[in-house]
J.: 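Starting off with a structure, shown below.
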Amino acid sequence: MEGQHITGVQVFEPRLRWPVDPGLAQTLTGLTVARLSRRAKYLLFETGSGALMVHLGMSGSLQLKTPPFERRRHDHVLWTLASGAVLVFHDPRRFGSVHWLPSAPGVHPLLVKLGPEPLSSAFDGAYLAAQARGRKVPVKAFLMDGAVVVGVGNIYATEALFLAGIHPRRPAGRISVARYERLAEAVKGVLAQAIEAGGTTLRDFVDGTGQPGYFQQTLRAYGRADQPCLTCGSALKGIRLAQRATVFCPRCQR
DNA sequence: ACTGGCTCCTGAGGGC
DNA sequence: TGCCCTCAGGAGCCAG
């Protein structure tokens, strides 16, 4: 994508998580993608005057295709490039979104309240402990709060808490700095491993080349309710916490 | 200031 | 074989 010139934009379905800006095609046509970057789970296609911002939600994908190809059901936005290739945004559940991010003035409202990147040095045990001070929210919901740290969804929060030996319902403000250090390390480790494996495929996830991720084969807790704990052998417990499926070991996680 | 519940949507999977 | 119901989830928003 880097260096590609956008020659056309077609929006077939603007009803995504946020309605697609009717002026998007007008704004983007004629621009060149200088570089790709990312903030939290928002993908940024930077041009000289601003950025195309895409969120994949949970079922979204982007693929570069070479015409002729048949537009599939749920192919919502197409960008035609000067090379002749077409970038396709496909999202059956429409939890994803497509935005225009002006380079000035200020930050986009969706980005302004976001916490640090989990793989950055700003994210560590001391930071988590400071953020958690006085808070009673269950630590799993705390960890999934984008204002605390970005990028930690349900699966990786479940895995990290298992690795750190922390009970998902424990109030965030009642965890020691030492245990938060362990948790921060667990988050970094789980994310690094998942990225290495190419992501986690639950149902229909595929990457930019159509390949599934393989991290699900490595999951220690998520999706393993009633199965034996890989550490102590006792049965993992499945609960619902903050409207999310949660699995933990009642013996190892306190 | 916090917290918990609701919401969008489609497809998979289970029960009958 | 096929239908119908329930559940799954990212994350912003809102009521209490």
Side-chain angles (χ1 to χ4, degrees), chain A residues 11-21 38-44 53-62 71-77 88-99 101 107-118 128-161 167-175 187 190-191 194-195 199-207 212-213 215-216 219 221-226 236 238-248:
Chain A
V11 179
F12 291 94
E13 175 56 88
R15 294 174 302 167
L16 306 181
R17 174 69 174 83
W18 305 99
V20 177
D21 171 11
R38 175 189 62 76
R39 175 69 176 110
K41 292 180 182 174
Y42 294 97
L43 310 176
L44 302 174
M53 183 166 90
V54 177
H55 195 297
L56 299 176
M58 62 171 290
S59 60
S61 64
L62 286 169
R71 192 171 73 87
R72 291 180 302 163
R73 183 167 149 82
H74 308 308
D75 283 350
H76 304 313
V77 185
V88 180
F89 174 75
H90 175 86
D91 187 7
R93 292 179 200 174
R94 291 198 258 131
F95 279 16
S97 57
V98 174
H99 314 256
L101 179 63
V107 195
H108 193 283
L110 292 173
L111 305 181
V112 76
K113 289 175 188 168
L114 297 178
E117 293 286 334
L128 280 176
Q131 289 293 309
R133 190 176 301 270
R135 297 191 57 180
K136 295 175 179 175
V137 67
V139 62
K140 179 162 177 268
F142 172 74
L143 195 56
M144 291 174 65
D145 180 351
V148 173
V149 59
V150 301
V152 185
N154 194 43
I155 294 173
Y156 301 133
T158 297
E159 293 297 296
L161 288 166
H167 195 294
R169 279 207 217 271
R170 175 169 285 275
R174 305 206 41 189
I175 297 173
V187 168
V190 162
L191 291 177
I195 290 167
T200 304
T201 296
L202 291 184
R203 290 196 174 90
D204 48 8
F205 168 84
V206 291
D207 66 17
F215 190 68
Q216 78 278 10
L219 295 174
Y222 184 87
R224 297 194 64 245
D226 302 325
L236 296 180
I239 60 170
R240 206 136 171 101
L241 197 161
Q243 290 77 244
R244 290 293 171 264
T246 303
V247 181
F248 68 101

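Chain letters run A, B, ... following the sequence lines, proteins first and then strands; every chain starts at 1.
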J.: Less than 4.0 angstrom between a side-chain N/O of A:His74 and OP1 or OP2 of B:dT10, yes or no?
T.: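 Result: no.
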
J.: To the nearest 10 degrees, how far apart in direction are the end axes of the helix from B:dC2-C:dG16 to B:dC16-C:dG2, each fit to five base pairs?
T.: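 The end-segment axes of the helix from B:dC2-C:dG16 to B:dC16-C:dG2 are tilted 50° relative to each other.
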
J.: Taking CG from A:Asn154 and P from C:dG10, how many angstroms apart are they, rounded to a whole number?
T.: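 In whole Å, C:dG10 P and A:Asn154 CG are 6 Å from each other.
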
J.: My understanding is that only residues two or more places apart in sequence, or in another chain, count here; which of them pass ring-ring contact (aromatic ring centres under 6.0 Å, His included) with A:Phe95?
T.: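 Per chain and number, A:Phe95 pairs via ring-ring contact (aromatic ring centres under 6.0 Å, His included) with no residue.
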
J.: Going by the rule salt bridge (Lys or Arg N to Asp or Glu O under 4.0 Å), which residues pair with A:Arg15 if we only count those two or more places apart in sequence or in a different chain?
T.: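 Result, salt bridge (Lys or Arg N to Asp or Glu O under 4.0 Å) vs A:Arg15: A:Glu13.
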
J.: Considering residues at least two apart in sequence or located in another chain, which fulfil the side chain to side chain contact (heavy atoms under 4.5 Å, CB included) criterion with A:Pro14?
T.: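 For A:Pro14, the residues satisfying side chain to side chain contact (heavy atoms under 4.5 Å, CB included) (neighbours in sequence not counted) are A:Val11, A:Val20.
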
J.: Expressed in angstrom and rounded to an integer, what is the separation of A:Arg17 atom CZ from B:dC9 atom C1'?
T.: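 Result: 11 Å.
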
J.: With sequence neighbours excluded, give me every side chain to side chain donor-acceptor pair (under 3.5 Å) pair touching residues 137-153 of chain A.
T.: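 Passing the test, one end in residues 137-153 of chain A: A:Lys140-A:Asn154, A:Lys140-A:Thr246.
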
J.: Examine C:dC7: is either OP1 or OP2 under 4.0 Å from a nitrogen or oxygen in the side chain of A:Arg240? Give yes or no.
T.: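 Looking at the OP1 and OP2 atoms of C:dC7, neither is under 4.0 Å from any side-chain N or O of A:Arg240.
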
J.: Output the rounded distance in Å from CE (A:Met144) to C1' (C:dG9).
T.: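 After rounding, the gap between these two atoms is 8 Å.
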
J.: Quick one: which of C:dG12, B:dC9, C:dG10 gets closest to the side chain of A:Trp18?
T.: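 The answer is C:dG12, which lies nearest to the side chain.
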
J.: Nearest whole Å is fine: how far is B:dA12 P from A:Met58 CE?
T.: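 After rounding, the gap between these two atoms is 12 Å.
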
J.: Side-chain contact test, heavy atoms from C-beta onward, threshold under 4.5 Å: evaluate it for A:Leu101 versus A:Tyr42 and give yes or no.
T.: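 When only atoms from C-beta onward are counted, A:Tyr42 and A:Leu101 do not touch, as no gap falls below 4.5 Å.
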
J.: Counting heavy atoms from C-beta on, name the nucleotide in B:dG11, B:dC9, C:dG9 closest to the side chain of A:Ala245.
T.: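 Of the candidates, C:dG9 comes closest.
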
J.: In whole angstrom, give the distance that lies between atom NE2 of A:His90 and atom C1' of B:dC9.
T.: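 Distance, rounded to whole Å: 13 Å.
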
J.: Sequence neighbours excluded, which residues qualify as ring-ring contact (aromatic ring centres under 6.0 Å, His included) partners of A:His90?
T.: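 Result, ring-ring contact (aromatic ring centres under 6.0 Å, His included) vs A:His90: none returned.
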
J.: Let me spell it out: for each of A:Phe95 and A:Lys113, pick the nucleotide of DNA chain C with the closest heavy atom. Which residue's pick is nearer the 5' end?
T.: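 Counting from the 5' end, the first nearest nucleotide belongs to A:Phe95.
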
J.: Please list, chain by chain and in numerical order, all residues satisfying salt bridge (Lys or Arg N to Asp or Glu O under 4.0 Å) with A:Arg244, sequence neighbours excluded.
T.: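 Scan of A:Arg244 (salt bridge (Lys or Arg N to Asp or Glu O under 4.0 Å), adjacent residues dropped) gives none.
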
J.: Shorter than 3.5 Å, N or O on both sides, protein versus nucleotides 1-5 of chain B: list them out with atom names.
T.:
from: B:dT3; atom 1: OP1; to: A:Lys136; atom 2: N; distance (Å): 2.4
from: B:dT3; atom 1: OP1; to: A:Val137; atom 2: N; distance (Å): 3.0
from: B:dT3; atom 1: OP2; to: A:Arg135; atom 2: NE; distance (Å): 2.8
from: B:dT3; atom 1: OP2; to: A:Arg135; atom 2: NH2; distance (Å): 2.9
from: B:dG5; atom 1: OP2; to: A:Gln243; atom 2: OE1; distance (Å): 3.4
from: B:dG5; atom 1: N7; to: A:Gln243; atom 2: NE2; distance (Å): 3.2

J.: Round to the nearest Å and state the distance from A:Arg244 atom CZ to C:dC7 atom P.
T.: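 Distance, rounded to whole Å: 14 Å.
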
J.: Taking C-beta and beyond as the side chain, do A:Arg38 and A:Glu117 meet within less than 4.5 Å on heavy atoms?
T.: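 Yes, at least one pair of side-chain atoms sits under 4.5 Å.
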
J.: Without decimals, in angstroms, what is the distance between A:Tyr42 OH and C:dA11 C1'?
T.: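 The answer, rounded to whole Å, is 7 Å.
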
J.: Within the 4.0 Å heavy-atom criterion, would you say A:Leu110 contacts the bases, only the backbone, or no part of the nucleic acid?
T.: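 Counting heavy atoms under 4.0 Å across all strands, the contact made by A:Leu110 is with sugar-phosphate only.
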
J.: Kindly write out the residues that satisfy ring-ring contact (aromatic ring centres under 6.0 Å, His included) with A:Phe248, not counting sequence neighbours, or none if the list is empty.
T.: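 Partners of A:Phe248 by the ring-ring contact (aromatic ring centres under 6.0 Å, His included) criterion, ordered by chain and then number, come out as A:His167.
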
J.: Using whole Å, report how far CG of A:Leu241 lies from C1' of C:dG9.
T.: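 It works out to 15 Å between those atoms.
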
